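What follows is a single structure, written as structure tokens, with notes after it.
Any value given below was found using the heavy atoms of this structure, including those in side chains, with hydrogens, waters and symmetry copies removed. Residue numbers start at 1 and run along the sequence shown. These figures come from a predicted structure and were not determined experimentally.
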Amino acid sequence: QATVTHIEGLLEASSEPLSFAVVIPVWEQSESLGLLQACPYLRGEVRVPKEDHAWRDNRAGGLARRVPVDTGIFFVQNDAGAQQWPASETALAALKGALVVPEVADTSGPG
């Protein structure tokens with residue numbers, strides 16, 4: 001939560017365009033998730049379900065490995081940042097599409 005509080009302070013103090021993309025696991029009980037969702041500077045959010053998203057494991061030749069939890073990307077911007085780099089629905093949809101990995105190795109174990 002210190003990161004979210006720090007970002008909010010920077011956005012509040014600056015009239016220069018500022019924009020942050022905060023990438024976190026979507027753990028519903030996470031205090032950071034709640035702070036981001038309630039942030040007055042939140043301009044856009046992308047959630048990628050764990051079934052559609054993967055990490056690339058370079059130690060395994062770039063094999064895509066399933067992630068254990070949904071991934072959230074939260075765009076927090078001051079007014080000048082939102083004007084310069086708008087988090088439009090089109091841009092958010094393109095980002096989500098870029099994160100979807102069609103060939104994901106199931107590394108969750110047996111079952």
Nearest-0.5 Å distance, CG of residue Asp70 to CD of residue Glu51: 6.5 Å
Heavy-atom closest pair, residues Val69 and Pro25: CG1-CB, 3.5 Å
In one Ile/Leu/Val/Met/Phe/Trp/Tyr side-chain cluster, 4.5 Å: Val4, Val26: yes
Side-chain heavy atoms of Cys39 within contact of Glu8, under 4.5 Å: yes
Reported CG-to-CG distance for the pair Leu42 and Leu35, which is rounded to 0.5 angstrom: 12.0 Å
Taking every non-hydrogen atom, the tightest pair across Lys50 and Pro68: CD-O, 3.5 Å
Exam field: side chain Asn78 to backbone Ser15, donor-acceptor pair closer than 3.5 Å: no
Single-linkage hydrophobic cluster Trp85~Leu92, side-chain heavy atoms < 4.5 angstrom: no
Backbone of Leu10 reached by a side-chain donor or acceptor of Ser14 within 3.5 Å: no
Any Thr71 side-chain heavy atom under 4.5 Å of Val23 side chain: yes
Value rounded to 0.5 Å, distance of NE2 in His53 from CZ in Arg47: 13.5 Å
Check: Phe20 and Thr3 side chains under 4.5 Å, non-hydrogen atoms: no
Side-chain donor/acceptor of Arg43 to backbone N/O of Gln77, under 3.5 Å: yes
Within one Ile-Leu-Val-Met-Phe-Trp-Tyr cluster: Leu18 and Phe74, side-chain cutoff 4.5 Å: yes
Spacing of Leu36 atom CG and Gln1 atom CD [to the nearest 0.5 Å]: 11.0 Å
Any side-chain heavy-atom pair of Ile73 and Leu99 under 4.5 Å: yes
Distance (rounded to the nearest 0.5 Å) between Glu16 CD and Leu11 CG: 12.5 Å
Separation of Gln37 CD from Glu28 CD (nearest 0.5 Å): 6.5 Å
